[in-house]
Amino acid sequence: MKKQFYNYTIEALKKDLIDNNFKAYNAEQIYKWVYENNVTDPELMTNISKDLKSFMIDNFSFDLLNLISQQTSKNGTDKFLFELHDKIVIESVLMKHDYGLSLCVTSQAGCSMGCSFCASGLINKQRDLTAAELVIQILSVQAIKKVKITHIVVMGTGEPFDNYDNVMDFVKIINYKHGLQIGSRHITISTCGIVPKIYEFANEEIKANLAISLHAPNNDLRNRLMRINRAYPINEVIQAAKDYFDQTKRRVTFEYILLKGINDEIEHANELSDLIRGINCYVNLIPYNPVNEFSFKKTDESRADRFYQQLIRRGINVTLRKEMGSDIDAACGQLRLKNHKQSLKNID
Ligand code: SAH
C-alpha cells in the first residue's frame with residue numbers, strides 16, 4: 001500500500017529517501033513542489049530524476065479529504081465535514097479574523113476525556129488521527145476555498161495531548177520553512193490539562209502557543225466538570241502553565257466556558273484571579289454552546305459581562321470570546337454528533 005506523503009516530516013522524508021539511495025536534498029525539492037507550489041504529481045517535478053519520479057509515484061499518495069458537507073454561518077465562519085478512508089467523519093472550522101484566516105482542526109475521532117459539558121465525549125474515541133489527516137484538513141480547506149490559512153488552532157474534537165506524537169509531527173510539517181510555513185506563534189494547541197505532556201511540550205523545539213481548558217477555579221468544581229482533574233488536580237495544572245511560560249516565554253491562555261449558575265458567580269471570578277495571579281497569561285471567556293443531551297445552560301450576556309469586568313478589576317488579562325458560528329453548530333463536535341446520529345438512524 002502507498003504511504004501518505006503528508007505524514008512525513010522533512011526529517012522522516014530525508015531518511016526514507018536516503019534509505020532508498022536518493023539524496024537528502026531531494027526531500028527539500030519535493031517539499032517545495034508540494035507545499036510551496038501545490039504540485040503533487042511527481043511527473044511535473046521538473047528538477048528531480050526519472051528514478052525519483054517513479055519512486056514517488058509508486059510509493060506515495062497525495063490524497064486530500066472527501067468533503068461531505070459544508071455550512072457557512074452569518075458571520076462567515078465555514079464548517080466542513082470530511083470523511084476519512086475508513087468512513088469516520090471529522091470536522092474543521094474556518095474562521096475569519098482581522099488578522100487572518102484561522103482553521104480549527106480535529107485531532108481525534110471522538111474523545112475519551114469525558115468532560116461533562118462537551119458533545120465530543122458523547123462519541124467515545126474511535127481512533128487517533130494521523131499527522132497526515134491533520135495536515136490535509138488544512139490543504140483540503142485551502143483547495144475548496146482557494147485561500148491561504150494563516151493560523152491553526154488544535155481545538156476541534158479530541159485531546160491533542162492524548163495523540164501527542166502525531167500532533168507534534170503535524171506541527172513540524174506545517175511550521176517547516178518549505179512546508180506550509182505557518183509560524184509557531186500562529187499555532188495554538190488546546191489541552192484539557194494532561195500535565196506531563198505540558199512539560200514535554202515546553203521542551204519541544206517549536207514553541208507553539210498553549211491553551212489550557214480550565215473552566216473552574218477549584219478542584220471540587222473542576223472534578224465535577226472535567227474528569228481529567230482527578231488525575232491532574234488544578235494546582236498541578238497551574239504549576240505546569242507557569243513552567244510553560246518560563247521555558248518558552250509564551251503567554252498561556254486559560255479557557256473558561258461560562259456555565260449558567262455553575263461557574264459564573266463573582267466568587268468564582270475572585271477565586272480564578274487568585275489562582276492565576278502572577279502568571280503571565282490570558283483568560284479567554286467562552287460562551288457555552290448548549291448541547292441537547294446536557295442540562296448546562298449558557299450564561300446570559302449581562303452576567304458574562306459582570307464576570308469579565310470583575311476579572312479586569314482584579315488585573316487579569318481577559319477577553320470575552322464572541323460566538324462564532326453557533327447558528328451552524330460550528331462549536332465543538334455538534335454537527336458531527338448530529339451527523340453521527342443521523343447515520344445511526346439510517347442504519348436502524
Ligand atoms: N481537548 C482539548 C481541545 C478540544 S475542546 C481541550 O479540552 O482543550 C476545545 C475547547 O472547547 C475546550 O476548551 C472545551 O472545553 C470547549 N468546549 C467543549 N464543549 C463546548 C461547548 N459546548 N461550548 C463551548 N465550548 C466548549
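As the structure is a computational prediction, the values presented were derived from the model and not from experiment. Atoms within each ligand, like the ligands themselves, are counted from 1 in listed order. We're numbering straight along the sequence, starting at 1.
- Below 3.5 Å of separation, one finds no N or O of Pro160 facing any N or O of ligand 1.
- For the pair Lys15 and Asp19, the salt-bridge criterion is met [side-chain N within less than 4.0 Å of a carboxylate O].
- Taking all heavy atoms of Glu159, Met155, Glu255 into account, the minimum distance to atom 9 (C) of ligand 1 is reached by Met155.
- With hydrogens and angles disregarded, a donor-acceptor distance shorter than 3.5 Å links the side chain of His186 to the backbone of Thr150.
- A donor-acceptor pair under 3.5 Å is formed between the side chain of Thr106 and the backbone N or O of Glu91.
- Atoms of ligand 1 lying under 4.0 Å from any heavy atom of Tyr288, numbered from 1 in the order shown and given with element: 21 (C), 22 (N), 23 (N).
- The backbone N or O of Ile234 sits less than 3.5 Å from a side-chain atom of Asn219, completing a donor-acceptor pair.
- For atom 18 (C) of ligand 1, the nearest non-hydrogen atom from the set Pro290, Cys118, Ala211 belongs to Cys118.
- In the vicinity of Ser213, heavy-atom distances shorter than 4.0 Å reach the ligand 1 atoms 6 (C), 7 (O), 8 (O), 12 (C), 13 (O), 15 (O).
- No hydrogens or angles considered: nothing links the side chains of His215 and Glu255 as a donor-acceptor pair under 3.5 Å.
- Counting heavy atoms closer than 4.0 Å to ligand 1, residue His215 contributes side-chain atoms (C-beta onward) but none from N, CA, C or O.
- In the vicinity of Cys192, heavy-atom distances shorter than 4.0 Å reach the ligand 1 atoms 6 (C), 7 (O), 8 (O).
- Ligand 1 lies nowhere less than 4.0 angstrom from a heavy atom belonging to Ser107.
- Under the side chain to side chain contact (heavy atoms under 4.5 Å, CB included) criterion, Gln247 pairs with Ala202, Asn203, Asp243, sequence neighbours left out.
- Close approach of ligand 1 to Gly158 (heavy-atom distance below 4.0 Å) involves ligand atoms 1 (N), 2 (C), 3 (C), 4 (C).
- Against a heavy-atom cut-off of under 4.0 Å, Gly156 is close to the following atoms of ligand 1: 4 (C).
- Remark: Lys50 does not engage Glu43 in a salt bridge, criterion side-chain N to carboxylate O under 4.0 Å.
- By the 4.0 Å N-to-carboxylate-O rule, Lys3 lies close enough to Asp16 to be salt-bridged with it.
- Within the set Ser120, Ala119, Ser190, Gly193, the minimum heavy-atom distance to atom 3 (C) of ligand 1 is found for Ser190.
- With sequence neighbours excluded, the residues forming a side chain to side chain donor-acceptor pair (under 3.5 Å) with Lys125 are Asp128, Asp162, listed by chain and number.
- Heavy atoms of Val291 found under 4.0 angstrom from ligand 1 belong exclusively to the side chain.
- The parts of Asn289 lying near ligand 1 are both backbone and side chain, judged by heavy-atom distances below 4.0 Å.
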